Amino acid sequence: MWMRFVTGVLLALFVIAVLFVGGYVFGAVALLVCVLCVYEALNSLKKGGHHPVHWPVYFALLACAPLMLFVRPLAIVPALMIACFAVITQVMRRETPDLTDMMVSLLPILTVVLPGLCLITLSGIQPRPLQAYLTTLVFTVSVGSDTFALFVGTWIGGKKLCPKISPKKTVSGAIGGLVGATGLTVLAGWIFMLCRPEAGFPPLWVNALVGLIGGVAAEFGDMLASLVKRYCSVKDFGSLFPGHGGMLDRMDSILFSAVVIFCYHEVLRFLA
């Protein structure tokens, strides 16, 4: 627990520093993180006895990131289709084609690459105060969800949420996670409104709604990661962070909350 605490503090300081710098530094760090997450996901599937195709997944991430940033989101569709067709073709050309290998090869594209692209794209948002606001919300949602779910679930306990996927997660913890994600997101919105009142940030009830929806997405990402690890018979995706596991163990809820914040930004653009 002590090692977990120290690692958590160091990770938090690093995230705060990257958020403070923002811009394409944030985007570059997010891209590197997503590459590591893809590696860990594919490696875990390999440990589970499968033979996933690797290079099309990396191609999807590296080709789509600049398209999302400098062109527009819909521009990634051709690159994603090329990656998917490459996976299908490579598996079908094997001596013993396996449909399961095809599906597990496509899984990281859906659960890591696409959410990762949403996170990377936030680094290109202008003006800078709006970018800082949205990128911060990604972490208030995920951190609030993870932290409150852990403490409330440990304190109250009770009925298990999905015992066959994650025996330790409880319904009380899930509810606590939603409260934490909502509360921390509202607090972040209030702080931004105090610091930059001229920026015209949305009202706090919008932050509450985003925090609630983002909390659901964060918990969904966490449960999905637990399902993949149980399916592959691995405890963690990696051992990069002492006491915390691998990069994907830390990013599972963040990636899915990034999807909600990306959609939130698209709604703000539509309403502007």
Side-chain angles (χ1 to χ4, degrees), residues 27-123 165 217-218 220-240 245-260 262-263 266:
V29 172
L31 178 59
L32 176 60
V33 165
C34 290
V35 169
L36 291 174
C37 287
V38 168
Y39 169 79
E40 291 181 349
L42 292 171
N43 191 49
S44 296
L45 292 168
K46 187 177 180 180
K47 289 180 179 179
H50 303 291
H51 301 87
V53 180
H54 288 238
W55 72 264
V57 186
Y58 291 107
F59 167 81
L61 176 61
L62 298 176
C64 291
L67 294 176
M68 286 278 283
L69 272 173
F70 305 116
V71 186
R72 58 173 183 162
L74 283 178
I76 71 173
V77 174
L80 286 178
M81 291 306 301
I82 291 172
C84 291
F85 284 139
V87 168
I88 294 169
T89 302
Q90 190 162 340
V91 173
M92 288 195 301
R93 292 185 67 251
R94 289 176 175 174
E95 186 175 347
T96 54
D98 189 337
L99 182 61
T100 303
D101 286 341
M102 184 184 300
M103 300 308 295
V104 299
S105 300
L106 295 173
L107 182 65
I109 295 179
L110 177 64
T111 61
V112 179
V113 172
L114 283 175
L117 290 172
C118 293
L119 179 63
I120 294 167
T121 304
L122 296 178
S123 67
I165 296 177
F220 182 84
D222 187 51
M223 291 299 296
L224 177 60
S226 297
L227 176 60
V228 173
K229 286 187 286 188
R230 182 164 291 271
Y231 180 73
C232 297
S233 300
V234 296
K235 182 180 182 296
D236 296 311
F237 285 108
S239 56
L240 184 61
M247 182 65 75
L248 189 52
D249 293 290
R250 292 299 85 211
M251 291 296 296
D252 48 14
S253 59
I254 294 174
L255 289 173
F256 276 71
S257 63
V259 176
V260 174
F262 172 80
C263 294
E266 292 301 306

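Note that the coordinates shown come from a computational prediction; the quantities given were computed from them, not determined experimentally. Below, all heavy atoms of this structure are taken into account, side chains as well, without hydrogens, waters or symmetry copies.
Note on residues 97-110: pairs passing salt bridge (charged side-chain N to carboxylate O under 4.0 Å, His left out), not counting sequence neighbours, are Arg94-Asp101. Contacts classified as salt bridge (charged side-chain N to carboxylate O under 4.0 Å, His left out) and involving residues 52-70 (residues at least two apart or in different chains) are not found. Contacts classified as side chain to side chain donor-acceptor pair (under 3.5 Å) and involving residues 51-65 (residues at least two apart or in different chains) are given here: Trp55-Gln90. Identified under the ring pair (Phe, Tyr, Trp, His ring centres under 6.0 Å) test for residues 92-113, with sequence neighbours left out: none. Residue pairs meeting the ring pair (Phe, Tyr, Trp, His ring centres under 6.0 Å) criterion with at least one member in residues 61-83, sequence neighbours excluded: Tyr24-Phe70. Legend: salt bridge (charged side-chain N to carboxylate O under 4.0 Å, His left out) pairs involving residues 45-63, not counting sequence neighbours: none detected.
Between Ser253 and Ala218, the closest heavy-atom pair is CB-O, 3.4 Å. Closest of all the heavy-atom pairs between Asp252 and Gly221 is CB-O, 3.8 Å. Between Ala258 and Leu119 the shortest heavy-atom distance is CB-CB, 3.8 Å. Counting all heavy atoms, side chain and backbone alike, Cys34 lies closest to Leu255 at SG-CD2, 4.3 Å.
At a threshold of 4.5 Å between non-hydrogen side-chain atoms, the residues Leu117 and Leu67 do not count as touching. Counting only heavy atoms from C-beta outward, the side chains of Met68 and Ile120 never approach each other to under 4.5 Å. Side-chain atoms of Val228 and Val234, non-hydrogen and from C-beta on, never get closer than 4.5 Å to each other. Under the 4.5 Å side-chain criterion, counting only non-hydrogen atoms from C-beta, Met247 is not in contact with Phe237. For the pair Val57 and Val112, the minimum side-chain heavy-atom distance is 4.5 Å or more.
Remark: the backbone N or O of Gly246 is not paired with any side-chain donor or acceptor of Asp236 at under 3.5 angstrom. Between the Glu40 side chain and the Leu248 main chain, a donor and an acceptor come within less than 3.5 Å of each other.
The CD1 atom of Ile76 lies 12.0 Å from the CE atom of Met81; values are rounded to the nearest 0.5 Å. Here CZ of Arg250 is found 15.0 Å from CG of Leu36. Values are rounded to the nearest 0.5 Å. Taking CD1 of Ile88 as the reference point, atom OG of Ser105 lies at 10.0 Å (rounded to 0.5 Å). Here the CG atom belonging to Leu31 is positioned 5.5 Å from the CG atom belonging to Leu61, to the nearest 0.5 angstrom. Distance CD1/Ile165 to CG/Asp222: 10.5 Å, rounded to 0.5 Å. Atom CG of Asp249 sits about 8.0 Å away from atom OG of Ser44, to the nearest 0.5 Å.
Under the rule for a side-chain hydrogen bond (donor to acceptor under 3.5 Å, both in side chains), the partners of His50 that lie at least two apart in sequence or sit in another chain are Tyr231. Phe220 meets the ring pair (Phe, Tyr, Trp, His ring centres under 6.0 Å) test with Phe256; sequence neighbours excluded. By the side chain to side chain contact (heavy atoms under 4.5 Å, CB included) test, Met103 pairs with Leu99, sequence neighbours left out. Residues passing the side chain to side chain contact (heavy atoms under 4.5 Å, CB included) test with Ile82, sequence neighbours excluded: Phe59. With sequence neighbours excluded, no residue forms a side-chain hydrogen bond (donor to acceptor under 3.5 Å, both in side chains) with Asn43. Considering only residues two or more places apart in sequence or on other chains, Arg93 meets the side chain to side chain contact (heavy atoms under 4.5 Å, CB included) condition with Thr89.
None of Leu106, Leu42, Thr100 except one satisfies the side chain to side chain contact (heavy atoms under 4.5 Å, CB included) rule with Pro52; the exception is Leu42.
More than 12 non-hydrogen atoms from other residues, nucleotides or ligands lie less than 6.0 angstrom from CZ of Phe262.
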